[in-house]
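Comments concern the structure below.
Throughout, protein chains are lettered first and strands after them, A, B, ... in sequence-line order, and every chain is numbered starting at 1.
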Amino acid sequence: QVQLVQSGAEVKKPGASVKVSCKASGYIFTGYYMYWLRQAPGQGLEWMGWINPNSGGTNYAQKFQGRVTMTRDTSISTAYMELSRLRSDDTAVYYCARSGGVVRGAEAFWGQGTLVTVSS
Amino acid sequence: DIVMTQSPDSLAVSLGERATINCKSSQSVLYSSNNKNFLAWYQQKPGQPPKLLIYWASTRESGVPDRFTGSGSGTDFTLTISSLQAEDVAVYYCQQYYSTPHTFGQGTKLEIK
């Protein structure tokens with residue numbers, strides 16, 4: 001079965017960077033896009049972008065352009081999301097989510113989430 | 001960006017009664033070449049990631065109870081829970097995946113009356 005296991009909670013100071021990992025199992029890692037999303041405390045869901053694990057190609061939401069970098073390591077079926085120049089309003093739970101592919105589209109399978117707290 | 005607007009923001013329904021959540025997109029999410037609406041519904045319970053309930057606007061994900069039904073096309077969509085159960089208490093989101101960025105409605109909080 002599809003599983004996405006994310007790295008643990010992080011506490012960062014403003015201006016720092018954070019890198020969250022998402023280890024995939026139960027399917028062919030290079031066969032499906034991986035999305036990254038976030039959810040601030042008590043708020044709704046915000047889409048950050050995707051990475052094509054096969055080619056490494058990326059598509060970032062304009063809001064995060066210049067601050068976010070999505071990468072992958074196909075040898076260990078792991079996707080990464082790095083966010084730089086952190087601000088207090090970047091405090092959120094960050095999720096990876098696998099595409100449903102041509103069958104489902106959408107963000108079909110989700111990691112458990114990684115809480116990133118930005119505080120001085 | 002496509003703006004998704006849900007109504008109502010919150011809803012209280014008695015057990016066994018029907019719950020209806022609406023979602024409107026600022027532009028059509030119907031892809032004419034395959035006649036599919038790129039619209040999904042998610043359920044999120046406290047402390048958990050969202051769970052995909054419905055995709056292509058009306059296709060139920062495997063394992064989702066048949067009391068959950070998605071309908072609509074173009075710009076107007078509805079999620080109906082035919083007979084509310086206690087375990088359905090959650091926040092529900094609609095999402096378009098027609099174009100990037102994939103955008104979500106603000107969420108509808110569903111409670112028991």
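Among A:Gln39, A:Glu46, A:Arg38, the single residue meeting the side chain to side chain donor-acceptor pair (under 3.5 Å) criterion with A:Tyr94 is A:Arg38.
With a 4.5 Å cut-off on non-hydrogen atoms, B:Phe38 does not touch chain A at all. With a 4.5 angstrom heavy-atom cutoff, B:Pro50 touches chain A via backbone and side-chain atoms both. Neither the backbone nor the side chain of A:Gln62 comes within contact range of chain B; no heavy atoms are under 4.5 Å apart. Of the atoms belonging to B:Gln44, it is side-chain heavy atoms, and not backbone ones, that fall under 4.5 Å from chain A. Of the atoms belonging to B:Lys36, it is side-chain heavy atoms, and not backbone ones, that fall under 4.5 Å from chain A.
Annotation: maximal heavy-atom pairing with chain B below 4.5 Å, among A:Gly105, A:Gly44, A:Gly100, occurs at A:Gly105. Counting heavy-atom pairs under 4.5 Å between each of A:Glu107, A:Gln112, A:Lys63, A:Gln43 and chain B puts A:Glu107 at the top. The candidate from A:Leu45, A:Leu37, A:Val103 with the greatest count of non-hydrogen atom pairs under 4.5 Å with chain B is A:Leu45.
Two rings, from A:Tyr95 and A:Trp47, have their centers 6.0 Å or more apart. Here A:Trp50 and A:Tyr60 keep their ring centres 6.0 angstrom or further from each other.
Classified by interplanar angle (parallel below 30°, tilted 30° to 60°, perpendicular above 60°), the ring pair B:Tyr97/B:Trp56 is tilted. A tilted orientation is assigned to the rings of B:His102 and A:Tyr35, their planes being inclined by 30° to 60°.
Residues A:Thr78 and A:Asp73 bring no donor and acceptor atom of their side chains to less than 3.5 Å of each other.
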